[in-house]
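Have a look at the structure below, then the notes.
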Amino acid sequence: MFNALTISQIFVLDQDQALDFYVGKLGLEVHTDADLGFMRWLTINVPGQPDREILLERPGAPRMDDATADQVRELLTKGAMAGTLFFTTDDCQKTYETLLAKGVEFTDEPTKRDYGIDCGLRDPFGNAIRFSQPL
């Protein structure tokens, strides 16, 4: 049976803009950026954790036809087809302030919960991102 989860996927409308956000602002690193001809295989990971990648995928071939890709892009733009990523941090407040200074827009400020301190933001495409500091 399975022994690891290695790649998760979210849709983005523009992979270069996604790189600017995820690498330039959030501090993740590029794992793979390969032109496969029929698509750009673009994955990122948390620095030091190359065994867990996030695929930043543009809706389109080979997974879907043009009409379906158009529908997915429309739903993504409306925020109706967003994915969610969860990260952890050692200091939620400091991470929040660092990202806020870089112009990241948050949906939730750091809040203490039963499980830790967490907050939330959205990427430029509507995908939800949460990060928490476990107690």
Side-chain angles (χ1 to χ4, degrees):
M1 294 302 288
F2 305 118
N3 58 21
L5 175 61
T6 57
I7 303 174
S8 299
Q9 173 273 354
I10 58 173
F11 284 119
V12 298
L13 297 177
D14 182 303
Q15 290 174 310
D16 289 325
Q17 185 181 4
L19 277 181
D20 286 343
F21 181 77
Y22 283 98
V23 176
K25 290 189 176 182
L26 298 190
L28 302 183
E29 61 186 20
V30 175
H31 184 282
T32 304
D33 188 355
D35 181 355
L36 302 180
F38 54 89
M39 71 176 289
R40 180 181 180 188
W41 183 264
L42 178 61
T43 66
I44 56 173
N45 58 272
V46 172
Q49 296 188 345
D51 57 335
R52 183 73 195 270
E53 302 168 62
I54 303 165
L55 172 64
L56 303 174
E57 183 180 9
R58 286 190 67 238
R63 185 151 56 140
M64 54 188 76
D65 60 36
D66 289 343
T68 303
D70 286 344
Q71 291 175 327
V72 171
R73 283 190 284 271
E74 183 179 342
L75 289 171
L76 185 62
T77 301
K78 292 178 178 178
M81 185 146 181
T84 302
L85 300 172
F86 294 88
F87 297 97
T88 58
T89 180
D90 293 331
D91 189 331
C92 191
Q93 185 67 38
K94 182 178 178 183
T95 301
Y96 168 79
E97 291 170 4
T98 299
L99 296 179
L100 195 62
K102 291 182 176 182
V104 173
E105 295 181 26
F106 282 81
T107 56
D108 300 297
E109 295 180 358
T111 303
K112 188 172 182 178
R113 313 246 187 231
D114 291 342
Y115 53 85
I117 302 170
D118 83 345
C119 62
L121 59 112
R122 286 202 177 98
D123 76 4
F125 316 102
N127 294 300
I129 298 170
R130 297 204 71 82
F131 57 89
S132 65
Q133 174 188 341
L135 292 177

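As the structure is a prediction and not an experimental result, all values here were calculated from the model.
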To the nearest 0.5 Å, what is the distance between [atom1] on [X] and [atom2] on [Y]?
| X | Y | atom1 | atom2 | value |
| --- | --- | --- | --- | --- |
| Phe106 | Cys119 | CZ | SG | 5.0 Å |
| Tyr96 | Asp108 | OH | CG | 10.0 Å |
| Thr111 | Gln93 | OG1 | CD | 9.5 Å |
| Leu76 | Phe125 | CG | CZ | 8.0 Å |
| Met81 | Glu74 | CE | CD | 12.0 Å |
| Gln49 | Glu29 | CD | CD | 9.5 Å |

Exceeds 12 heavy-atom contacts within 6.0 angstrom, atom CD of Gln9: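 Yes, because the 6.0 Å sphere around CD of Gln9 holds more than 12 heavy atoms from other groups.
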Looking at [Y], is its backbone amide N or carbonyl O close enough to the side chain of [X] to form a donor-acceptor pair, meaning the two atoms are under 3.5 Å apart?
| X | Y | result |
| --- | --- | --- |
| Thr43 | Trp41 | no |
| Arg52 | Thr6 | no |
| Gln15 | Leu56 | yes |
| Arg130 | Asp118 | no |

Asp33/Arg40 ion pair, N-O < 4.0 Å: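 Answer for the salt bridge query: yes.
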Under a single-linkage definition using a 4.5 Å side-chain heavy-atom cutoff for Ile, Leu, Val, Met, Phe, Trp and Tyr, are [X] and [Y] assigned to the same hydrophobic cluster?
| X | Y | result |
| --- | --- | --- |
| Leu5 | Leu55 | no |
| Val23 | Ile10 | yes |
| Val30 | Val12 | yes |
| Met39 | Leu19 | no |
| Leu28 | Phe86 | no |

Might you point out which heavy atoms bring [X] and [Y] nearest each other, and give the distance in Å?
| X | Y | answer |
| --- | --- | --- |
| Phe11 | Asn127 | O-ND2, 2.9 Å |
| Asp14 | Gln17 | OD1-N, 2.7 Å |
| Phe21 | Asp123 | CE2-CB, 3.5 Å |

Got [X] and [Y] here, is their nearest side-chain heavy-atom distance under 4.5 Å?
| X | Y | result |
| --- | --- | --- |
| Asp91 | Gln133 | yes |
| Asp51 | Asn45 | no |
| Ile7 | Ile54 | no |
| Glu57 | Arg63 | yes |

Can you name the one residue among Leu99, Leu26, Val104 that meets side-chain contact (heavy atoms from CB on, under 4.5 Å) with Ile129? Leu26
Considering only Ile, Leu, Val, Met, Phe, Trp and Tyr, and joining two whenever side-chain heavy atoms are under 4.5 Å apart, list the other residues clustered with Ile117. none
Thr98: side-chain contact (heavy atoms from CB on, under 4.5 Å) partners, not counting sequence neighbours: Lys94, Lys102
